[in-house]
*Asks:* 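Just passing along the structure, written as C-alpha cells.
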Amino acid sequence: MLKTIVITMLIVAICIALLSIKILIKKNGRFPNSHVSGSKAMRERGIGCVQSQDRAAQKANPHAIAERKNGEAEETELEET
C-alpha cells in the first residue's frame, strides 16, 4: 500500500516537473492560453467564449424600451375598452 502511494507521488512529481520546464527555463514564461478567446483563428471566425457572450448579453442596453409590469398592462387594457 505504501509502495503504491510513493510510486504514485513520484509519477505525479515527474509529470509536474515536465509540464513546467518551458515555464521555468523561458524568461517571463507563462502557461499557454488555451481559452477560446485566446485563439486568433477563433476570433477571426467570430467564435467567442460562452462566459464572455453571456456577460455581454446581460449588460443593460441603453436603447432598450422599458417593459411594463403585468398589472399595468391589464389596467391599460381595461381603460381602453
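Sequence positions, counted from 1, serve as the residue numbers for this chain.
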*Asks:* Please report the interatomic distance CD1(I11) to CD1(I16), rounded to the nearest 0.5 Å.
*Replies:* 12.5 Å
*Asks:* How long is the span from the CZ atom in R55 to the SG atom in C49, to the nearest 0.5 Å?
*Replies:* 7.5 Å
*Asks:* Could you grab the distance from atom CD1 of I5 to atom OG1 of T8, nearest 0.5 Å is fine?
*Replies:* 7.5 Å
*Asks:* State yes or no: do I14 and I21 share one hydrophobic cluster built from I, L, V, M, F, W and Y residues joined by side-chain heavy-atom distances below 4.5 Å, directly or via other members?
*Replies:* yes
*Asks:* Look at the side-chain heavy atoms of Ile, Leu, Val, Met, Phe, Trp and Tyr, link any pair under 4.5 Å apart, and say whether M1 and M9 land in one connected group.
*Replies:* yes
*Asks:* Report yes or no: do L18 and I25 belong to one cluster of Ile/Leu/Val/Met/Phe/Trp/Tyr joined by side chain heavy-atom distances under 4.5 Å?
*Replies:* yes
